[in-house]
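Everything numeric in this text was worked out from a predicted model, so none of it was measured. Just the heavy atoms: all of them, side chains too, but no hydrogens, waters or symmetry mates, feed the values below.
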Amino acid sequence: EVSVDGEKFILNKKEALYVGMGIKEVIFKSTSDEPALFYLNSDPARRNFPNKKITKENAESVHLGDDVTANKRILNKLIVNSIVETCQLQMGLTELLPGNIWNTMPSHTHERRMEAYFYFDVAEGQSVAHFMGDPKETRHIFMQNNQAVLSPEWSIHSGAGTSNYS
């Protein structure tokens with residue numbers, strides 16, 4: 001449950017809540033026996049847009065990749081202008097299907113934006129290798145469940161897991 005200046009929103013796993021500019025109080029509350037995990041993402045806004053809950057049914061879902069290259073996945077566009085009014089913040093959720101491990105292939109850069117990756121649904125004992133850095137001299141970081149990494153606009157980004165993940 002998320003309370004935004006007194007307005008309550010009930011969120012299920014893999015749903016999003018866009019909170020507009022100027023909000024004074026945001027309260028997070030777990031409503032189940034298993035503690036909820038919340039991922040926060042923010043960006044400066046130039047004007048206020050209304051708060052909006054985005055469910056998986058409201059998301060713009062794109063099916064990508066294939067089993068042959070082990071990157072069959074669903075990109076759920078949650079906070080994008082076709083779903084919710086927003087200044088520049090955008091957020092999606094990629095879900096790799098069972099038997100698939102690559103979240104992006106080939107790796108690439110974005111000249112106009114950085115990206116933040118929060119890896120979750122990484123099974124116990126499994127890892128995700130996050131590839132990043134200058135395209136001619138990359139680095140890799142082994143990520144575990146519920147860990148995040150920032151990828152600047154000049155850095156490639158790609159990830160491969162030892163099993164599927166989100």
Side-chain angles (χ1 to χ4, degrees), residues 2 9-19 28 30 32 34-43 52-166:
V2 181
F9 296 89
I10 304 297
L11 299 176
N12 292 311
K13 185 174 182 176
K14 299 182 180 180
E15 292 184 338
L17 176 63
Y18 177 83
V19 177
F28 300 92
S30 189
S32 70
E34 186 176 328
L37 296 176
F38 296 94
Y39 171 73
L40 304 177
N41 189 349
S42 69
D43 204 53
K52 183 176 180 181
K53 175 182 169 178
I54 303 99
T55 65
K56 294 223 13 203
E57 291 75 33
N58 302 128
E60 187 179 310
S61 296
V62 182
H63 295 258
L64 301 164
D66 58 53
D67 289 323
V68 172
T69 53
N71 70 347
K72 195 170 190 176
R73 62 204 188 277
I74 301 170
L75 171 58
N76 299 290
K77 298 178 183 181
L78 298 167
I79 299 177
V80 294
N81 284 318
S82 58
I83 303 296
V84 61
E85 289 183 294
T86 176
C87 287
Q88 58 190 13
L89 178 68
Q90 294 190 37
M91 186 178 85
L93 166 63
T94 301
E95 299 175 282
L96 281 92
L97 300 180
N100 292 270
I101 61 163
W102 285 98
N103 66 24
T104 284
M105 188 46 71
S107 59
H108 57 279
T109 62
H110 294 288
E111 292 181 9
R112 294 180 22 184
R113 71 172 190 253
M114 59 76 64
E115 292 192 345
Y117 288 86
F118 179 74
Y119 291 100
F120 67 101
D121 287 345
V122 179
E124 183 73 30
Q126 304 299 307
S127 296
V128 177
H130 181 88
F131 300 96
M132 62 184 302
D134 183 287
K136 294 178 180 71
E137 189 176 345
T138 61
R139 300 287 187 260
H140 57 276
I141 304 170
F142 281 87
M143 308 295 293
Q144 305 303 311
N145 195 40
N146 299 329
Q147 289 186 329
V149 62
L150 299 177
S151 184
E153 71 280 354
W154 53 265
S155 174
I156 63 112
H157 53 272
S158 188
T162 54
S163 67
N164 65 310
Y165 55 93
S166 296

Can you name the closest pair of heavy atoms from [X] and [Y] and give their distance?
| X | Y | answer |
| --- | --- | --- |
| N145 | D121 | OD1-N, 3.0 Å |
| S151 | I156 | OG-O, 3.5 Å |
| G65 | N71 | CA-OD1, 3.2 Å |
| A59 | I83 | C-CD1, 4.1 Å |
| T162 | I101 | C-CG2, 4.4 Å |
| T109 | P135 | CG2-CG, 4.2 Å |

Counting C-beta onward and ignoring hydrogens, is there a side-chain heavy-atom pair between [X] and [Y] closer than 4.5 Å?
| X | Y | value |
| --- | --- | --- |
| Y18 | L78 | no |
| N164 | L97 | no |
| L150 | M114 | yes |
| M132 | P152 | yes |
| K13 | F120 | yes |
| L17 | I54 | no |
| F131 | T138 | no |
| Y39 | M91 | yes |

For S30, the side chain to side chain donor-acceptor pair (under 3.5 Å) test, sequence neighbours excluded, returns none
Sequence neighbours excluded - salt bridge (charged side-chain N to carboxylate O under 4.0 Å, His left out) pairs with any residue from residues 80-101: K14-E95, K56-E95
Which residues pass the side-chain contact (heavy atoms from CB on, under 4.5 Å) test with L37, not counting sequence neighbours?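 In terms of side-chain contact (heavy atoms from CB on, under 4.5 Å), with neighbours along the sequence ignored, L37 is linked to N146.
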Determine whether N41 and L89 satisfy the following criterion, side-chain contact (heavy atoms from CB on, under 4.5 Å), listing intermediate values before the conclusion. CA-CA 8 Å; N41 189 349; L89 178 68; 3.4 Å; yes
Checking [Y] against [X]: is there a side-chain donor and acceptor pair closer than 3.5 Å?
| X | Y | result |
| --- | --- | --- |
| Y117 | H130 | no |
| D67 | N100 | yes |
| S61 | N76 | yes |
| S127 | Q144 | yes |
| E60 | S82 | yes |

Tell me, yes or no, whether the heavy-atom count around H110 atom NE2, taken from other residues, nucleotides or ligands under 6.0 Å, exceeds 12.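 Check passes, neighbour count above 12.
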Return the [atom1] to [atom2] distance between [X] and [Y], rounded to the nearest 0.5 Å.
| X | Y | atom1 | atom2 | result |
| --- | --- | --- | --- | --- |
| D66 | R73 | CG | CZ | 9.5 Å |
| I74 | L64 | CD1 | CG | 9.5 Å |
| Y119 | M143 | OH | CE | 6.5 Å |
| D43 | C87 | CG | SG | 9.0 Å |

Main-chain N/O of D134 paired with E137 side-chain donor or acceptor, under 3.5 Å: no
When you measure from the side chain of N12 to the backbone of E15, do you find a donor-acceptor pair of N or O atoms at a distance under 3.5 Å?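 No, the answer is negative, given that no donor and acceptor are paired below the 3.5 Å cut-off.
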Output yes when R113 and E115 qualify as a salt bridge under the 4.0 Å nitrogen-oxygen rule, no when they do not.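 Looking at R113 and E115, the cut-off is met.
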Is there a side-chain contact (heavy atoms from CB on, under 4.5 Å) between Y165 and T94 once you walk through the steps? CA-CA 9 Å; Y165 55 93; T94 301; over 6 Å; no
The test is side-chain contact (heavy atoms from CB on, under 4.5 Å); show your working for V80 and Q90 and say whether it passes. CA-CA 5 Å; V80 294; Q90 294 190 37; 3.8 Å; yes
For side-chain contact (heavy atoms from CB on, under 4.5 Å), just list the numbers for T55 and K53, CA-CA rounded to whole Å, side-chain angles, deciding distance to a tenth of an Å, and then say yes or no. CA-CA 6 Å; T55 65; K53 175 182 169 178; 3.7 Å; yes
